[in-house]
Amino acid sequence: MAGDLFQDLPPPVAVQSQQIVQSSVKSTTPESSSKPPPPPAPALKSALKRPKPRPESQPEAPPEKRLRFKTTTDASEKQVIEAMQKITSHIKNPSKFSKASKLAIQLIQAGSVKETTSDYFFAVLEAAMSSLTSCNEPSLRADYHALFSAAQDVARLLSKKQQNLFSTWTIRAVWANDLFTDDGFVFSKATGRIKEDISALPLATKDDDMEEAIALKDETKETEEPSPVTSEEPDPFGLDALISKGKKDSLSNSKKDDEQENRRLLKSKREALITCLDFAAKRYNMPWCQTAIDILAKHAFENISRFTALQRGAIEKLWASIKEQQTRRKQGKSVSGKLDVNGFEWLQQKYSTEKISIRRSVGGNGDRQCQQWLG
């Protein structure tokens with residue numbers, strides 16, 4: 001009776017099944033039971049959003065088309081030469097100069113001006129400067145300025161003789177036209193360049209004065225004497241023209257020496273600088289131009305020996321006129337009746353009577369008068 005009451009009974013079924021399952025799990029995965037399973041990765045918010053269904057009826061958009069304009073053209077050397085020849089024939093006409101100059105600028109920007117075509121391009125510039133006064137006309141100033149400013153990029157391709165002529169033309173077409181500007185910085189920069197060129201001129205000699213006098217006499221004779229009328233019939237075969245042309249070419253080739261070429265260049269350069277002085281004097285009624293013109297005229301007067309006799313007389317008259325107007329401004333004898341002085345002269349007059357203190361700025365109670373600053 002004291003023994004196990006359930007000795008003769010079979011064991012319970014649930015306990016056996018649990019033991020079998022545990023033993024089978026331990027036998028199959030001994031390592032997985034020792035480590036806990038990893039937690040699931042958190043889902044992204046963007047993954048939770050449903051993609052918008054694309055309607056099947058809507059067709060795919062075609063690729064965008066972009067407009068591309070061809071700015072440059074690959075022209076052959078022959079075509080470039082023909083274009084330059086056409087520009088040369090039209091650029092002499094003032095009514096066609098604006099369009100022709102723009103075409104020449106396009107050739108420069110396209111890189112069509114090369115060593116092989118530089119002579120043809122120089123012919124364009126030479127035709128443009130066939131009249132030395134047309135480059136300063138109000139309707140053509142901007143076009144001349146743009147053409148010769150752009151031509152400076154290809155000036156290195158020209159020969160030495162062509163570069164010398166181009167530098168003289170630049171004085172008339174660029175620097176002289178800069179004197180008509182309303183920008184004070186451009187005006188002062190142009191006057192500075194003119195001063196540098198005046199300083200670079202050699203001293204004038206008696207031969208230069210004699211050559212100028214002879215040229216003046218020849219011009220007066222040509223204007224006074226009428227051209228003779230010939231009653232001879234023209235040569236039907238054109239042989240006389242060929243013979244005379246050959247004689248002229250031989251004479252010109254024999255006379256073209258370096259000295260004569262330098263004299264011609266020097267003469268044209270002096271005339272161009274005198275033209276710039278004349279244009280600057282015409283702007284003297286503008287108050288903001290007066291200081292720069294005073295400095296330019298004074299520099300020309302100090303270097304008056306670098307000009308010829310007639311040019312020296314013109315510079316003397318210009319400097320005398322400017323000195324007179326300076327005196328009139330200081331005395332208040334202007335057209336308006338007020339004290340007409342420029343900014344520099346006003347500051348010079350103001351600070352010449354001011355007192356400077358050691359411990360304070362200008363206008364202090366010190367007893368040291370400003371005598372050197374601005375005068």
If you group Ile, Leu, Val, Met, Phe, Trp and Tyr by side-chain heavy-atom gaps below 4.5 Å, do Met286 and Leu318 land in one group?
yes
Sub-3.5 Å donor-acceptor pair from the side chain of Asp178 to the main-chain atoms of Lys189, do we have one?
no
Is there a path of hydrophobic side-chain contacts, each under 4.5 Å between heavy atoms, that joins Ile81 and Val154?
yes
Using modelled atom types and a 3.5 Å cut-off, is there a donor and acceptor pairing between side-chain atoms of Ser98 and backbone atoms of Asp143?
no
So which heavy atom on Pro94 is nearest to which on Leu140, and how close?
O-CD2, 3.8 Å
Would you say the side-chain atoms of Asp278 pair up with the backbone N or O of Ile274, donor to acceptor, closer than 3.5 Å?
no
Single-linkage hydrophobic cluster Leu103~Ile91, side-chain heavy atoms < 4.5 angstrom:
yes
With a 3.5 Å distance limit and no angle check, can you tell me whether Ser167 reaches the backbone of Asn164 through a side-chain donor-acceptor pair?
yes
Spacing of NE2 belonging to His90 relative to OG belonging to Ser101, to within rounding of 0.5 Å:
13.5 Å
Which pair of non-hydrogen atoms, one from Ala123 and one from Thr88, has the smallest distance, and what is that distance?
O-CG2, 3.7 Å
Steps toward side chain to side chain contact (heavy atoms under 4.5 Å, CB included) verdict (Ile194, Leu296):
CA-CA 8 Å; Ile194 296 168; Leu296 176 60; 3.9 Å; yes
As a quick check of understanding, evaluate side chain to side chain contact (heavy atoms under 4.5 Å, CB included) for Ser199 and Glu196, giving each step before the final call.
CA-CA 5 Å; Ser199 301; Glu196 291 177 358; 5.8 Å; no
If you group Ile, Leu, Val, Met, Phe, Trp and Tyr by side-chain heavy-atom gaps below 4.5 Å, do Tyr284 and Trp288 land in one group?
yes
Does Thr191 form a side-chain hydrogen bond (donor to acceptor under 3.5 Å, both in side chains) with His299? I'd like the steps, not just the answer.
CA-CA 10 Å; Thr191 55; His299 182 78; over 6 Å; no
Tell me, please, which residues at least two apart from Asp119 pass salt bridge (Lys or Arg N to Asp or Glu O under 4.0 Å).
none
Taken to the nearest 0.5 Å, the spacing of Thr291 OG1 from Phe187 CZ works out to 10.0 Å
What are the two closest non-hydrogen atoms of Leu203 and Ser305, and how far apart are they?
CD2-OG, 3.3 Å
Show the numbers, then the answer: is there a side chain to side chain contact (heavy atoms under 4.5 Å, CB included) between Thr117 and Leu107?
CA-CA 11 Å; Thr117 60; Leu107 291 177; over 6 Å; no
Residues two or more places apart in sequence or in another chain: which of them pass side chain to side chain donor-acceptor pair (under 3.5 Å) with Ser321?
Gln325
Value for CG (Leu147) from CD1 (Ile105), rounded to nearest 0.5 Å, stands at 5.5 Å
Counting heavy atoms not belonging to Met210, are there more than 12 under 6.0 Å from its CE?
no
Contacts satisfying ring pair (Phe, Tyr, Trp, His ring centres under 6.0 Å) that involve residues 94-133 (not counting sequence neighbours) are Phe97-Tyr144, Phe122-Trp169
Distance, nearest 0.5 Å, that separates CG of Leu132 from CZ of Arg172:
4.5 Å
With sequence neighbours left out, what residues match Asp183 under salt bridge (Lys or Arg N to Asp or Glu O under 4.0 Å)?
none
One should read off an interatomic distance between Lys195 NZ and Asp197 CG, to the nearest 0.5 angstrom, of 12.5 Å
Joint hydrophobic cluster, Leu265 plus Ile198, side-chain heavy atoms closer than 4.5 Å:
no
Acceptor/donor pairs from residues 307-316 side chains to any protein atom, 3.5 angstrom cut, sequence neighbours excluded:
from: Thr308; atom 1: OG1; to: Glu212; atom 2: OE1; distance (Å): 3.1
from: Thr308; atom 1: OG1; to: Glu212; atom 2: OE2; distance (Å): 2.9
from: Thr308; atom 1: OG1; to: Gln311; atom 2: OE1; distance (Å): 3.2
from: Gln311; atom 1: OE1; to: Thr308; atom 2: N; distance (Å): 3.3
from: Arg312; atom 1: NH1; to: Phe307; atom 2: O; distance (Å): 2.7
from: Arg312; atom 1: NH2; to: Asp209; atom 2: OD2; distance (Å): 3.4

Main-chain N/O of Leu157 paired to Glu115 side chain as donor or acceptor, under 3.5 Å:
no
By salt bridge (Lys or Arg N to Asp or Glu O under 4.0 Å), Asp208 pairs with (sequence neighbours left out) Arg270
Distance, nearest 0.5 Å, that separates CD of Glu77 from OG1 of Thr116:
3.5 Å
What's the shortest heavy-atom distance between Lys267 and Ala215, and which atoms?
NZ-CB, 4.0 Å
Of the non-hydrogen atoms in Met84 and Val124, which two are nearest, and what is the gap between them?
O-CG2, 3.6 Å
On the 0 to 90° scale, with breaks at 30° and 60°, tag the Phe166-Phe148 ring pair as parallel, tilted or perpendicular.
parallel
If you compare all heavy atoms of Ala297 against all heavy atoms of Ile322, which two are closest, and at what distance to 0.1 Å?
CB-CD1, 3.3 Å
Side chain to side chain contact (heavy atoms under 4.5 Å, CB included), that's the test. Do Ile171 and Cys276 meet it? Break it down for me.
CA-CA 8 Å; Ile171 296 174; Cys276 292; 3.7 Å; yes
Hey, does the side chain of Thr327 reach the backbone of Lys323 with a donor-acceptor pair shorter than 3.5 angstrom?
yes
